[in-house]
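All heavy atoms count here, side chains included; hydrogens, waters and symmetry mates do not. Bear in mind the structure is a predicted one, so any value in this text is a computation, not a measurement.
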Amino acid sequence: MPKFAANLTMMYGEHPFLDRFKAAARDGFKAVEVLFPYDHAPAEIAARLREHALQLVLFNVRPGDWAAGERGLAALPGREAEFAAALDEALRYAQALACPRLHVMAGLVPKGADAHLRAQMHQTYVANLRHAVGLAAAQGVALTVEPINPRDMPGYFLTHQAQAHAIVSEVVGDNDRSTLGVQMDLYHCQIVEGDLMRRLERYHHGVTHIQIAGVPDRHEPDVGEVRFEPLFAQLDALGYSGYIGCEYRPKGATSAGLAWLRPWWA
C-alpha cells in the first residue's frame, strides 16, 4: 500500500503553519513534507513532529530569493557560494528534524539564454550536485532533483524525466541512487509528457520520491484528467517503497477533501 505524506505548505492552509501538523495527524497522516521550513526554528517544528508522531520526509534547500522570483541556485553560475550556504542550512535543519531527504532546486534559465549559457548551467548543476551529495551522504541525508512543468514555473532548468535521470547518472552513476534520485511529481509529468504509466515503468528504479495533484488545476487527485488509482496500484506492483507526497491545493477545507484517500487507508 502506498505511503502518503501531507504537504503542509499547500494543505491545511486554513490553519497557521505550526497547527497543520496536528490537523494532518488527526486526519490519519503519519508523514508530512514541506516546501521551506526556514520561517520557523528547527526546535519548534521538531516539537510538533514529536507531539503528533509524524515523520518529516522531505523539504527543499532554500532556493534563493523566492519572493523576488528565484527558483533555485544549484544551476546558476556565479552563485556557488550562496548554494553552499543554503545547503549547509538545509542539512542543519535535516539533522534537527530527522528528515532523510532534501530537494535541490536548479533555478531558472535567463530569457534569451544561448547554448553556451545552457551548457554552463548544466556544468554548474552537475558540479554543485556532486559536492552536495558528498556532504549530505556523510550526514545520512539523500538529495533529489525534480522536473517541473514550464506552465507553473516558466524557465525552470529541469523539465523532463529523461533530463533529470541523465543528470543523476552523470553525478552518481547508474548503480547507486541512494544518495541522489529523481523526485517524480506526476502532476508536472502529466503536463509536460503524459503517458504516466509508461513513464513509471521506465524510470521507477531511479525515483526516490513521488508527488501527486489533480491535473490541470492542482487540486485533490480525484479531480481532473488523471485517474490515480491505477498508478498507485502500479507503484505497488513495481515495488516502489518511498513516499507519495500530496502536493496539492485543496478546493475547500483540506479534511473535507480527503475522501479520495480513505480507501487506501481502509
Side-chain angles (χ1 to χ4, degrees), residues 1-15 20 23-24 27-36 57-60 66 71 103 105 144-156 158-165 181-204 206-238 240 242-266:
M1 183 180 72
K3 300 183 297 184
F4 295 95
N7 187 295
L8 297 187
T9 301
M10 292 192 174
M11 300 173 71
Y12 299 101
E14 57 269 39
H15 303 286
R20 297 176 193 178
D27 280 336
F29 284 101
K30 304 300 182 185
V32 295
E33 61 179 36
V34 301
L35 294 185
F36 309 110
V57 298
L58 177 78
F59 63 90
N60 295 345
W66 184 270
R71 295 296 182 265
H103 171 215
M105 297 189 72
T144 68
V145 298
E146 178 190 17
I148 297 177
N149 83 77
R151 185 171 71 201
D152 284 17
M153 198 172 289
Y156 193 69
L158 196 61
T159 57
H160 285 72
Q161 297 301 311
Q163 180 190 9
H165 286 270
V182 173
Q183 183 172 317
M184 187 177 187
D185 189 322
L186 298 181
Y187 164 79
H188 293 305
C189 189
Q190 170 67 9
I191 291 171
V192 177
E193 304 179 67
D195 203 14
L196 293 179
M197 296 193 82
R198 293 293 179 261
R199 302 293 175 199
L200 285 171
E201 287 175 2
R202 180 172 181 179
Y203 293 116
H204 73 276
V207 172
T208 53
H209 191 75
I210 285 175
Q211 292 173 322
I212 57 171
V215 182
D217 295 319
R218 209 168 191 173
H219 296 315
E220 283 82 353
D222 60 344
V223 178
E225 66 192 40
V226 177
R227 290 183 61 241
F228 280 93
E229 294 90 343
L231 295 169
F232 296 157
Q234 184 191 28
L235 286 170
D236 276 348
L238 292 170
Y240 175 73
Y243 282 90
I244 298 176
C246 305
E247 193 184 43
Y248 65 83
R249 301 183 186 92
K251 291 188 71 173
T254 302
S255 299
L258 290 175
W260 67 272
L261 185 55
R262 302 304 181 196
W264 297 94
W265 283 347

**Student:** Looking at Lys30, I want to see if its NZ is surrounded by more than 12 non-hydrogen atoms of other residues, nucleotides or ligands under 6.0 Å.
**Tutor:** no

**Student:** Would you find a donor on one side and an acceptor on the other, under 3.5 Å apart, between the side chain of Gln234 and the backbone of Leu200?
**Tutor:** no

**Student:** Do the side chains of His103 and Phe59 get nearer than 4.5 Å, heavy atoms only?
**Tutor:** no

**Student:** For the pair Leu196 and Val226, evaluate side-chain contact (heavy atoms from CB on, under 4.5 Å) and give the outcome as yes or no after the intermediate values.
**Tutor:** CA-CA 9 Å; Leu196 293 179; Val226 177; 4.0 Å; yes

**Student:** Under the criterion side-chain contact (heavy atoms from CB on, under 4.5 Å), I'd like the reasoning laid out for Ile212 against Leu231: C-alpha separation, chi angles, the key distance, then a yes or no.
**Tutor:** CA-CA 10 Å; Ile212 57 171; Leu231 295 169; over 6 Å; no

**Student:** The test is side-chain contact (heavy atoms from CB on, under 4.5 Å); show your working for Ile244 and Lys3 and say whether it passes.
**Tutor:** CA-CA 6 Å; Ile244 298 176; Lys3 300 183 297 184; over 6 Å; no

**Student:** Within the 4.5 Å heavy-atom criterion, are Leu235 and Ile210 side-chain neighbours or not?
**Tutor:** yes

**Student:** Is there a donor-acceptor contact under 3.5 Å linking the side chains of His188 and Gln211?
**Tutor:** no

**Student:** Does some side-chain heavy atom of Glu247 sit less than 4.5 Å from a side-chain heavy atom of Leu35?
**Tutor:** yes

**Student:** With sequence neighbours left out, write down each residue that passes salt bridge (Lys or Arg N to Asp or Glu O under 4.0 Å) with Asp152, or none if nothing qualifies.
**Tutor:** Arg218

**Student:** Does Arg71 use its side chain to pair, donor to acceptor, with the backbone of Trp66 at less than 3.5 Å?
**Tutor:** yes

**Student:** Can you check whether Tyr243's main-chain N or O pairs, donor with acceptor, with Tyr240's side chain at less than 3.5 Å?
**Tutor:** yes

**Student:** Do Val215 and Ile191 pass the side-chain contact (heavy atoms from CB on, under 4.5 Å) test, and can you show the C-alpha distance, the side-chain angles, and the key distance before you say yes or no?
**Tutor:** CA-CA 8 Å; Val215 182; Ile191 291 171; 4.0 Å; yes

**Student:** Name all residues meeting the side chain to side chain donor-acceptor pair (under 3.5 Å) criterion together with Glu146; count only those two or more places apart in sequence or in a different chain, and write none if there are none.
**Tutor:** Gln183

**Student:** Compute the ring centroids of Phe228 and Trp264, then answer whether they are less than 6.0 Å apart.
**Tutor:** no

**Student:** Using 30° and 60° as the class limits, which term best fits the ring planes of Tyr203 and His165: parallel, tilted or perpendicular?
**Tutor:** parallel

**Student:** With side-chain contact (heavy atoms from CB on, under 4.5 Å) as the test, pick out the partner of Met105 among Ile148, Leu158, Val145.
**Tutor:** Ile148

**Student:** Charged N to carboxylate O below 4.0 Å: is that the case for Arg199 and Glu193?
**Tutor:** yes

**Student:** With rounding to the nearest 0.5 angstrom, report the CD to CG distance, Glu229 to Asp222.
**Tutor:** 7.5 Å

**Student:** With no hydrogens and no angle check, is any side-chain donor or acceptor of Arg20 less than 3.5 Å from a backbone partner on His15?
**Tutor:** yes

**Student:** Determine the sole option in Thr254, Asp27, Asn7 for which the side chain to side chain donor-acceptor pair (under 3.5 Å) test with Tyr12 is passed.
**Tutor:** Asp27

**Student:** Looking only at heavy atoms, what is the nearest atom pair of Cys246 and Phe29, with distance?
**Tutor:** SG-CE2, 4.2 Å

**Student:** Which heavy atom in Gly245 sits nearest to a heavy atom in Glu33, and how many Å separate them?
**Tutor:** CA-OE1, 3.5 Å

**Student:** Can a donor-acceptor pair be found, under 3.5 Å and without considering hydrogens, that links the side chain of Glu225 to the backbone of Pro216?
**Tutor:** no

**Student:** With side chains defined as the heavy atoms from C-beta onward, is the minimum distance between Tyr187 and Val192 less than 4.5 Å?
**Tutor:** no

**Student:** Output yes when a side-chain donor or acceptor of Asp217 lies under 3.5 Å from a complementary backbone atom of His219, and no otherwise.
**Tutor:** no

**Student:** Less than 4.5 Å apart, any side-chain heavy atom of His209 and any of Val57?
**Tutor:** yes

**Student:** Can you name the salt bridge (Lys or Arg N to Asp or Glu O under 4.0 Å) partners of Arg198, sequence neighbours left out?
**Tutor:** Glu201

**Student:** Indicate the atoms forming the closest heavy-atom contact of Pro147 with Gln161, along with that distance.
**Tutor:** CG-NE2, 3.6 Å

**Student:** Of the non-hydrogen atoms in Thr208 and Gly181, which two are nearest, and what is the gap between them?
**Tutor:** OG1-CA, 3.6 Å

**Student:** Provide the closest heavy-atom pair for Pro150 versus Thr159 in the form atom of the first, atom of the second, distance.
**Tutor:** CD-CG2, 4.5 Å

**Student:** Mind checking the CZ-OG1 spacing from Phe36 to Thr9? Nearest 0.5 Å is all I need.
**Tutor:** 8.0 Å

